[in-house]
Amino acid sequence: MKSISVVTLLWMIAMLAASCKKDGKNNTPEVHAVGTEYGTPYVAKYWKNGVLTNLSDGINDAVASSIFISGDDVYIAGSERPGIRFVAKYWKNGISTNLTDGTKSAGAYCIVVSDGDVYVAGYENSLVTTKSIAMYWKNGIPVTLTNGNNEAAGLSIFVVSGQVYVAGYESNGTKRVAKYWKNGVAVNLSDGTKDAQANSIVVSGADVYAAGQENNSGFTPIAKYWKNGVAVSLTDGTKTARAKDIQVINSDIYVTGEESNGMEAVAKYWKNGEPVSLTDGTNYAETTSIFISGTDIYVAGNEYNGTVDVARYWKNGVPVTLSDGAEYAYINGICVK
């Protein structure tokens with residue numbers, strides 16, 4: 001059974017790309033995760049070592065998309081709908097800051113902190129065309145990446161040495177083009193003949209990596225990543241697959257996502273192109289985020305339990321469930337400090 005996801009509700013695929021910084025002060029890992037429980041209304045959630053904190057008050061629909069930890073501060077990006085439209089926002093240590101005013105639909109998908117500056121990637125609709133504009137906010141100040149003529153969104157952000165990389169997509173009028181922007185300058189990853197998008201981006205040394213998916217000629221999404229613009233397919237296109245997050249550690253490339261077995265989606269990750277299944281394919285499952293801590297591999301997502309989707313993560317392949325199964329719930333970001 002396919003889950004009801006925030007992707008559908010906010011017209012996007014993949015609430016993506018959680019990030020985290022380790023300070024090396026604590027030898028006992030702290031597992032931080034963020035996500036959403038779909039009751040009435042939706043509630044933005046944050047778990048620290050399995051202990052739940054609600055980020056929203058349950059009055060308005062709200063979702064939590066991404067997490068970043070800098071020192072002792074916890075930053076979480078997301079969206080909340082106080083009226084008829086979603087407002088892009090982030091929480092710092094549980095205190096919310098709105099990035100948009102609610103006059104136009106908007107969403108925040110990924111957050112990072114660099115040299116004390118807070119960067120959030122997302123979108124806001126154009127008042128003129130009503131189409132979504134890919135953008136990021138630096139310390140609350142918006143930076144637009146597209147002009148609103150075509151649908152676009154920033155889904156992931158990475159900042160290094162003052163250089164700002166944002167991954168996402170922009171429509172060419174008929175198809176989504178996977179791309180990233182470096183300091184506002186667009187780099188196309190796909191040629192625009194088939195739908196594609198980049199869901200996550202990371203820079204390692206001089207190399208730029210982005211993960212996402214691109215349809216084949218039969219309209220089946222292929223999970224792939226791009227290294228310096230050169231595509232590497234992780235699946236063969238015989239079954240639906242998507243790549244949601246990418247991390248590069250000591251030259252090893254980790255990508256997480258899911259691939260259909262013909263009936264259900266199987267949660268998995270790939271290490272240097274080799275797949276590792278996290279679920280057995282009996283129930284629908286998907287992943288959204290991956291974090292590597294020493295020799296441990298943490299992958300976040302959700303799995304259907306026969307009644308609802310439950311929020312869970314896998315540590316070295318062993319599942320840890322965070323939600324109680326009362327409502328559909330999802331983890332959208334994970335990090336370990």
Hey, are T220 and T240 close enough side-chain-wise for a donor-acceptor pair under 3.5 Å? no
Nearest 0.5 angstrom please: N125 CG to S105 OG, how far? 5.0 Å
Would you say that D324 contacts E37 through its side chain, given a criterion of any heavy-atom pair below 4.5 Å between the two side chains? yes
Can you tell me if E151 and S132 form a side-chain donor-acceptor pair at under 3.5 Å? yes
Going hydrophobic residue to hydrophobic residue with side-chain gaps under 4.5 angstrom, can you get from V177 over to I222? no
Under 3.5 Å, is there a donor on one side chain and an acceptor on the other for N183 and Q163? yes
A quick test of your reading: do over 12 heavy atoms of other residues, nucleotides or ligands sit less than 6.0 Å from CG of D115? no
Starting from W226, can I reach W270 by hopping between I/L/V/M/F/W/Y residues whose side chains sit under 4.5 Å apart? yes
Going by distance alone, is a donor N or O of one side chain under 3.5 Å from an acceptor N or O of the other, for R176 and S171? no
Is the shortest side-chain heavy-atom distance between V299 and L278 below 4.5 Å? yes
Is it true that the side chains of N54 and K45 contain a donor and an acceptor less than 3.5 Å apart? yes
Does the side chain of Y254 reach to within under 4.5 Å of the side chain of T256, using non-hydrogen atoms? no
If you group Ile, Leu, Val, Met, Phe, Trp and Tyr by side-chain heavy-atom gaps below 4.5 Å, do Y75 and V166 land in one group? yes
Rounded to the nearest 0.5 Å, what's the gap from CG on D61 to OH on Y38? Could you check? 9.0 Å
Please examine the side chains of Y298 and S293, heavy atoms only from C-beta on, and report whether any two atoms are closer than 4.5 Å. yes
Taking M135 as the starting point, is it possible to reach V112 by hopping between hydrophobic residues whose side chains are less than 4.5 Å apart? yes
Assess whether side chain to side chain contact (heavy atoms under 4.5 Å, CB included) is satisfied between L99 and V87, documenting all intermediate values. CA-CA 7 Å; L99 297 170; V87 172; over 6 Å; no
Mind checking the CD1-CG spacing from I334 to D245? Nearest 0.5 Å is all I need. 10.5 Å
Minimum heavy-atom distance between V34 and S65, given as atom pair plus value: CG2-C, 4.2 Å
Going by the side chain to side chain contact (heavy atoms under 4.5 Å, CB included) test, name the single residue among Q197, Q213, E286 that passes it with R242. Q213
Once side-chain hydrogen bond (donor to acceptor under 3.5 Å, both in side chains) is applied, what residue pairs with a partner in residues 134-145 remain, sequence neighbours excluded? D117-N139
Grouping I, L, V, M, F, W and Y whenever their side-chain heavy atoms are under 4.5 Å apart, do Y180 and I133 come out in a common cluster? no
What I want to check is whether the side chains of S96 and N98 have a donor and an acceptor closer together than 3.5 Å. no
Please determine whether a side-chain nitrogen of the Lys or Arg among K268 and E258 lies less than 4.0 Å from a carboxylate oxygen of the Asp or Glu. no
Is I76 close to L55 at the side-chain level, that is, under 4.5 Å between some pair of heavy atoms? yes
Measure the spacing between CG of L127 and OG1 of T130 and express it to the nearest 0.5 Å. 9.5 Å
Between K89 and E80, does any NZ, NE, NH1 or NH2 come within less than 4.0 Å of an OD or OE carboxylate oxygen? yes
Counting only N and O atoms by type, is there a donor-acceptor contact under 3.5 Å from the side chain of N199 to the main-chain atoms of A243? yes
